[in-house]
Amino acid sequence: DTAVSQTPKYLVTQMGNDKSIKCEQNLGHDTMYWYKQDSKKFLKIMFSYNNKELIINETVPNRFSPKSPDKAHLNLHINSLELGDSAVYFCASSPGMGEEQYFGPGTRLTVT
Amino acid sequence: GENVEQHPSTLSVQEGDSAVIKCTYSDSASNYFPWYKQELGKGPQLIIDIRSNVGEKKDQRIAVTLNKTAKHFSLHITETQPEDSAVYFCAASLLSGGYNKLIFGAGTRLAVHP
């Protein structure tokens, strides 16, 4: 019954590793997003996909690579993890660009 | 540049009092202003939004006002309850590269004391 789901909820890994976070929405929305929330709770958009096409890429290091296999899924792969990547990552979706966004429960990534 | 300022950063009220959170934005072309509530360990939840063609919107104990001339908008919560305690975020849409994205304020931590 979950609208926007993410896996895993928690991810603890060492520097230099590669990891992926998965996101799925069952709302039938066309647009999906990845946000990063730092330790001070600041929310910043990273990527946006509309109908599987990359629309927004916000000066994110190219170690971060999103992939949208279909409209309902948007995954985030991170290479060569660094300490500064530790944060909570949220997936969101909306019916279209500029419309109300619905967030997933978040993935807390800790890099040691 | 793109910027949304939110005040206050923390707000403490007694149960039953009203709470007001204010945001200002910099892009006069912004036309969509949502408010989100984030409880501990959860994702932000949309609680109310307003578009630039209206000045006020109300949903039970929550209301949002928008002043496009001054480029500011506010969230009003009346008859606060302990379960209203959370971090609240305002956001404003920004047209970038032909597409809208949301710029978020830094958040307000609201504590409602019984």
Side-chain angles (χ1 to χ4, degrees), chain A residues 2-10 21 23-25 27 29-51 53-60 74 87-110, chain B residues 1-11 21 23 25 27 29-53 57 59 64 85-111:
Chain A
T2 307
V4 182
S5 58
Q6 295 178 228
T7 54
K9 187 164 176 61
Y10 300 97
I21 308 171
C23 177
E24 177 181 1
Q25 55 95 3
L27 297 166
H29 288 168
D30 285 343
T31 311
M32 295 185 73
Y33 312 80
W34 277 110
Y35 285 86
K36 180 179 181 180
Q37 186 172 50
D38 61 25
S39 57
K40 294 183 179 178
K41 294 287 192 180
F42 192 68
L43 264 172
K44 191 169 192 317
I45 189 168
M46 299 173 68
F47 301 104
S48 173
Y49 271 72
N50 190 52
N51 279 317
E53 181 185 350
L54 179 66
I55 298 299
I56 294 172
N57 182 342
E58 288 284 308
T59 58
V60 179
L74 180 62
V88 181
Y89 292 85
F90 287 101
C91 176
S93 74
S94 64
M97 298 296 292
E99 299 187 55
E100 64 274 16
Q101 295 183 20
Y102 297 88
F103 283 76
T107 295
R108 180 175 292 277
L109 172 65
T110 303
Chain B
E2 52 201 58
N3 192 34
V4 175
E5 292 200 1
Q6 183 172 346
H7 299 281
S9 57
T10 60
L11 181 57
I21 303 171
C23 288
Y25 59 98
D27 186 359
S30 294
N31 61 4
Y32 176 61
F33 308 91
W35 285 88
Y36 286 84
K37 175 184 181 183
Q38 186 177 21
E39 296 175 321
L40 194 61
K42 296 185 178 180
Q45 179 190 6
L46 180 67
I47 56 172
I48 196 168
D49 56 11
I50 191 168
R51 293 194 181 269
S52 57
N53 55 346
K57 185 175 177 181
D59 182 4
V64 57
S85 297
V87 179
Y88 290 80
F89 293 95
C90 64
S93 63
L94 176 73
L95 193 63
S96 174
Y99 296 97
N100 274 307
K101 64 179 181 181
L102 288 182
I103 305 300
F104 282 82
T108 296
R109 187 176 298 277
L110 173 65

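Order of the sequence lines fixes the chain letters, A, B, ..., with proteins taken first and strands second; residue numbering starts at 1 for each chain. The structure displayed is predicted, hence computed values, not measured ones.
If you take NZ on A:Lys41 and CZ on B:Phe89, they are separated by 6.5 Å, rounding to the nearest 0.5 Å.
For A:Phe42 against B:Phe104, the heavy-atom pair with the smallest separation is CE1-O, 3.9 Å. Here the closest non-hydrogen pair linking A:Tyr35 and B:Leu102 is OH-CB, 4.0 Å. Of all non-hydrogen atoms in B:Leu46 and A:Tyr102, the two that sit nearest each other are CD2-OH, 4.4 Å. Across all non-hydrogen atoms, the minimal contact from A:Ile56 to B:Asn100 is CD1-O, 4.0 Å. The nearest pair of heavy atoms linking A:Gln37 to B:Gln38 is NE2-OE1, 2.9 Å.
Both the backbone and the side chain of B:Pro44 come within less than 4.5 Å of a heavy atom in chain A. A:Lys9 touches chain B through its side chain: at least one heavy atom from C-beta onward sits under 4.5 Å away, while N, CA, C and O do not.
B:Lys42 is linked by a salt bridge (Lys or Arg N to Asp or Glu O under 4.0 Å) to B:Glu39, counting only residues two or more places apart in sequence or in another chain.
Among residues at least two apart or in separate chains, salt bridge (Lys or Arg N to Asp or Glu O under 4.0 Å) pairs with a member in residues 90-103 of chain B are A:Glu58-B:Lys101, B:Glu2-B:Lys101.
Within the 4.5 Å cutoff, no side-chain heavy atoms of B:Tyr32 are placed close to those of A:Glu99.
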